[in-house]
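One structure below.
Position 1 is the first residue of the sequence; numbering continues from there.
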Amino acid sequence: MKKAILRNPAQPHQQIKFGSLLSSIAREAGGLTVEEAGLFDYIRDKTPGKPMKFEWHNQSATPRDITLSGSCGA
């Protein structure tokens with residue numbers, strides 16, 4: 001048991017990242033044609049994002065007391 005606990009941190013974590021998963025699904029499906037990729041570019045929202053605003057709640061606040069307002073593109 002003790003050896004297994006010591007051995008586990010040395011083994012690489014086998015987690016598939018979301019982007020890699022989507023990429024593999026797209027490859028299996030045959031990918032996109034140039035025209036299909038162009039449609040995504042056409043419908044993409046191209047308006048610039050709004051800058052974030054930082055607000056202090058009180059004068060003795062620390063950096064962790066900062067709240068963010070505005071949207072982050074969601």
Side-chain angles (χ1 to χ4, degrees):
M1 181 69 155
K2 195 178 219 182
K3 288 182 181 182
I5 293 171
L6 295 174
R7 186 174 45 237
N8 285 338
Q11 295 176 346
H13 189 62
Q14 298 296 324
Q15 180 178 356
I16 298 175
K17 295 186 178 177
F18 188 64
S20 300
L21 177 63
L22 288 177
S23 178
S24 68
I25 292 170
R27 275 193 301 275
E28 289 177 16
L32 293 176
T33 65
V34 173
E35 292 82 18
E36 291 169 332
L39 288 174
F40 281 105
D41 192 44
Y42 177 73
I43 63 173
R44 180 176 61 91
D45 182 12
K46 297 175 183 138
T47 57
K50 295 179 182 176
M52 295 179 73
K53 296 178 184 177
F54 298 92
E55 299 173 2
W56 293 99
H57 289 289
N58 60 44
Q59 296 297 329
S60 62
T62 62
R64 67 179 182 173
D65 297 325
I66 297 173
T67 58
L68 302 176
S69 63
S71 65
C72 297

**Study point:** ILVMFWY clustering at 4.5 Å (side-chain atoms), partners of Val34
**Key:** none
Could you list the donor-acceptor pairs under 3.5 angstrom formed by side chains in residues 17-29, with sequence neighbours left out?
unit_1: Ser23; atom_1: OG; unit_2: Arg27; atom_2: NH1; d: 2.8
unit_1: Ser24; atom_1: OG; unit_2: Leu21; atom_2: O; d: 2.8

Exercise for review: Keeping to residues at least two apart or across chains, list the salt bridge (charged side-chain N to carboxylate O under 4.0 Å, His left out) pairs with something in residues 38-49.
Suggested key: Asp41-Arg44
